[in-house]
Amino acid sequence: SSPKIYNSLLDNKSELVREFQNNDIQQIAQKVSDYARTEPLEFVAEVYKGVQRGHTYNNDIMALYKKYDGPALS
């Protein structure tokens, strides 16, 4: 939802994207799906889609979703 964060997530050299390859973050993303591990934007999309379909995620997943500035969930 923030243009600054979104643009950062598009840049493969940004700190957020490099950090996403961290083993701990990859383990969190794996709890969502294999595809969610590919990049931060896909992680956000997979979590958003899951929530819209009624899935609930634990705190570490939702904290990462917020870190990557995922859209508001209703």
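For the numbers below, each heavy atom of this structure counts, side chains included, while hydrogens, waters and symmetry mates do not.
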Tightest non-hydrogen contact, residues P71 and V44, listed as CD-CG1, 3.8 Å
Got Q52 and L73 here, is their nearest side-chain heavy-atom distance under 4.5 Å? yes
Mind running side-chain contact (heavy atoms from CB on, under 4.5 Å) on V51 and Y65 for me, showing each step along the way? CA-CA 11 Å; V51 170; Y65 180 83; over 6 Å; no
To the closest 0.5 Å, what do you measure between CG (N59) and CG (L64)? 12.5 Å
Report, as yes or no, whether the 6.0 Å neighbourhood of atom NZ on K66 holds more than 12 heavy atoms from other residues, nucleotides or ligands. no
Pairing donors with acceptors under 3.5 angstrom, does anything connect the side chains of Q26 and N22? no
Quick check: closest heavy atoms across E19 and I25, and the distance to 0.1 Å? O-CD1, 3.4 Å
Indicate the atoms forming the closest heavy-atom contact of E42 with Y35, along with that distance. OE1-CE2, 3.1 Å
In short, F20 meets R37 closest at the heavy-atom pair CE2-O, 3.2 Å
For side-chain contact (heavy atoms from CB on, under 4.5 Å), just list the numbers for L16 and K67, CA-CA rounded to whole Å, side-chain angles, deciding distance to a tenth of an Å, and then say yes or no. CA-CA 9 Å; L16 284 174; K67 178 177 185 161; 4.0 Å; yes
For F43 and I61 the tightest heavy-atom approach is CZ-O, 3.7 Å
Does CG belonging to N58 count more than 12 external heavy atoms closer than 6.0 Å? yes
